[in-house]
Amino acid sequence: MSILVVVLSALVLVPVYGSRPDDDRQRRADYIYMEALRQNALGNHDAYYTLLERASALSPDETAISSDLGFYDIAFFGKNDSTLAINGLKKMKDHFDTHPDDYYSSLSYGALVGRIGDVMESVRVWSKLDSLYPTKKDVAFSLAQALTAVGDTTSVLKAISVFDRLERATGHSLMISGNRANAYLMLGDTVNAIRQMTDLARETPNDITALLAAGDIYMALNIPDSAITYFDRACELDSTSGPAFYKRASYYQATGDTVRYENEIVEALQKDNLELNVKLELLRVFIADIYQDSVRRPQIESLFATVLDDHPHEVDVHKLYASYLVAVKDFAGAAEQQSYALDIDPSKIEEWMGLFSLYASAGDYKKQLEAGQSALRYFPDDPRANWYVAIAYLQNEDYKSGIAQGEKALDLAWQKDSTDRALLSDIACTIGDAFYKENKVDSAFVYYEKSLTFNPDNLLALNNCAYYLACENRELDRAEEMCAQVIAKEPDNPTSLDTYAWVFFKKHEYKSALEFIERALELEDEPSAELYHHAGDIYFMTGDRDKAVENWKEALRLEPENDLLQRKIKHKTFFYE
């Protein structure tokens, strides 16, 4: 029954009135109940619930009060207490059974049982309400939907009968025709299903929504030649209708007419009177189909240029362009578009963080730092922005500035929310990295300990601390334990595997080191100089000199100024320094 609460957030607490005995206890219950309703109307839901409980205690047999109390129990507590939810539903049912004419309460109960999928109870409730209030169109419509949901032939035919009654009372509408068409489809009667939508389109020939609905049912039934007639008519009626152009473009795509599909997209994007959000949706769908085809990228670039010519100052255009460029791994281009968007609207910290990450992915650490510093002008006291700038200083090898900025970020994070242990841990880890790069080893390990105190499961802190412990030949058993903890969570992370291999290397356990370094090389798409260097050292210690030299050469290719690698290759032997 935990699904009850999922559907109740849209329901409204409604006052319910019922008959009460005229005694002193009941009068007190009445008074408290009315005060509860007043508090509910004012939005004071805690007071409302407390007063409901008091009123119910005074008058436990009053189903109107218990029904309201049951509804509240379901809506606010039922997610975590299925027993409370079941009891709450029973209270509402009891009130409906004794007072079905309590209209608003019965509406709430009917909506509830329908949303939780109790179709037979839903039919019972709406049938009773329909008999009591035969002119209430919403009740009749709910009854027809409930009957349709039952799904058997008899119930669906009854639903169609109710839809017919509604249409006689209200006239043609998409809601009625669409639901009735669906009912006919459930019966396998495609002729009548089509007739519902085509009759609607004929009765309302200038209603674009009706025309598109008629086209949709033909497309759903795989009769595209009939569908295009309605899509064309909709486009003729309103040249600014995004849905119409989208439907027609989708028709060409579905029928394999790629030339006309693309022409439709291009033509729509060039229309001055087509709303921007429609253009972007068309462009988004078009890109999703072809972005992986590198031959088509010039065409996509041209389409973006067309839209940007007309809308150069629209943030959403630049953001969509950036998203596309990320998809094709052009991170520098994506960063450029993201920066244009931020020039227009610099108000969202998340967008600045996105720009920061894009420059990092592009390997442009100078611009990464500039982006972070720009973000700080708008958000000087944001701990995450300060932390990102600290990271950028590290990338630019300005370790002193990285330490200072990281410590500021840590102070701000603590002041803002000392319970955000994950953020505090991440910042402390960054400071530890900066101290180690600054050759202040003891300070580095102090901050790694802080990081792991804040969050013992911080995998980056565990990995970095273990690696630097290995580099310093300190606490190698503890470093191994840290690596094991990381690998248990990330068994296919090449960086973590490399660290594990290096710890084993330092412990002279070369067989285990070889196992993990080979896994790291296998999983890493673009191995770093450091990874190749480690691999060479490990191969040498396991007696495979040829592979050792091979990997040292790969490392030297990436770090041609590395003197230690040059000596190892020249002498085909291992040197510690």
Side-chain angles (χ1 to χ4, degrees), residues 313-316 318-319 322-323 326 331-332 334-438 440 443-465:
H313 304 299
E314 292 289 346
V315 170
D316 288 343
H318 293 290
K319 287 173 65 175
S323 297
V326 168
F331 298 111
E336 181 180 20
Q337 292 301 318
Q338 182 80 348
S339 67
Y340 291 151
L342 283 164
D343 286 341
I344 300 166
D345 179 10
S347 66
K348 296 182 177 64
I349 183 66
E350 296 81 8
E351 302 295 339
W352 283 104
M353 299 302 96
L355 177 61
F356 180 94
S357 298
L358 288 171
Y359 280 129
S361 297
D364 193 336
Y365 302 124
K366 182 179 178 181
K367 285 190 175 180
Q368 178 192 32
L369 179 58
E370 291 172 357
Q373 291 171 331
S374 295
L376 285 183
R377 288 198 288 271
Y378 295 97
F379 307 96
D381 298 325
D382 186 284
R384 196 170 295 272
N386 280 271
W387 172 42
Y388 276 32
V389 172
I391 294 171
Y393 278 126
L394 264 67
Q395 298 282 24
N396 285 275
E397 300 183 358
D398 184 351
Y399 306 123
K400 287 183 179 179
S401 297
I403 291 167
Q405 197 75 50
E407 289 177 334
K408 180 181 179 181
L410 192 62
D411 288 341
L412 289 168
W414 184 264
Q415 294 167 20
K416 183 176 182 180
D417 182 4
S418 62
T419 65
D420 190 349
R421 314 297 281 186
L423 178 59
L424 291 165
S425 178
D426 288 340
I427 297 172
C429 179
T430 298
I431 299 171
D433 293 343
F435 269 121
Y436 192 86
K437 295 292 186 180
E438 187 70 3
K440 296 182 178 179
S443 295
F445 288 120
V446 166
Y447 274 93
Y448 288 135
E449 291 297 341
K450 282 186 179 182
S451 176
L452 293 171
T453 299
F454 287 132
N455 178 15
D457 296 322
N458 186 329
L459 299 184
L460 181 62
L462 287 165
N463 178 82
N464 291 6
C465 186

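In this text, all values refer to a predicted model and were calculated from it rather than measured experimentally.
Each of L410, D382, L412, I427 was evaluated against W387; a single residue qualifies, I427, per the side chain to side chain contact (heavy atoms under 4.5 Å, CB included) test.
For the pair Y447/K440, no side-chain contact is recorded, criterion being any heavy-atom separation below 4.5 Å from C-beta on. Put simply, the side chain of K408 does not reach to within 4.5 Å of the side chain of V389, judged on heavy atoms. When side chains are defined from C-beta on, V326 counts as touching L358, because their heavy atoms get closer than 4.5 Å. Contact of the L369 side chain with the Q395 side chain is not registered, since no non-hydrogen atoms from C-beta on lie closer than 4.5 Å. Two residues are said to be in side-chain contact when any heavy atoms from C-beta on lie closer than 4.5 Å; W352 and P346 meet this criterion. Using a 4.5 Å cut-off on side-chain heavy atoms (C-beta onward), I344 and H318 make contact. Counting heavy atoms from C-beta outward, E397 and Y399 have side chains that approach closer than 4.5 Å. Two residues are said to be in side-chain contact when any heavy atoms from C-beta on lie closer than 4.5 Å; R384 and I349 fail this criterion.
Proximity of a side-chain donor or acceptor of D345 to a complementary backbone N or O of S347 within less than 3.5 Å is detected. A donor-acceptor pair under 3.5 Å is formed between the side chain of Q338 and the backbone N or O of E351. Between the S418 side chain and the W414 main chain, no donor and acceptor come within less than 3.5 Å of each other. Formation of a donor-acceptor pair under 3.5 Å by the D364 side chain with backbone atoms of Y359 is not found in this model. At least one donor-acceptor pair closer than 3.5 Å links the side chain of N386 to the backbone N or O of P380.
There is a side-chain donor-acceptor pair under 3.5 Å between D433 and Y448.
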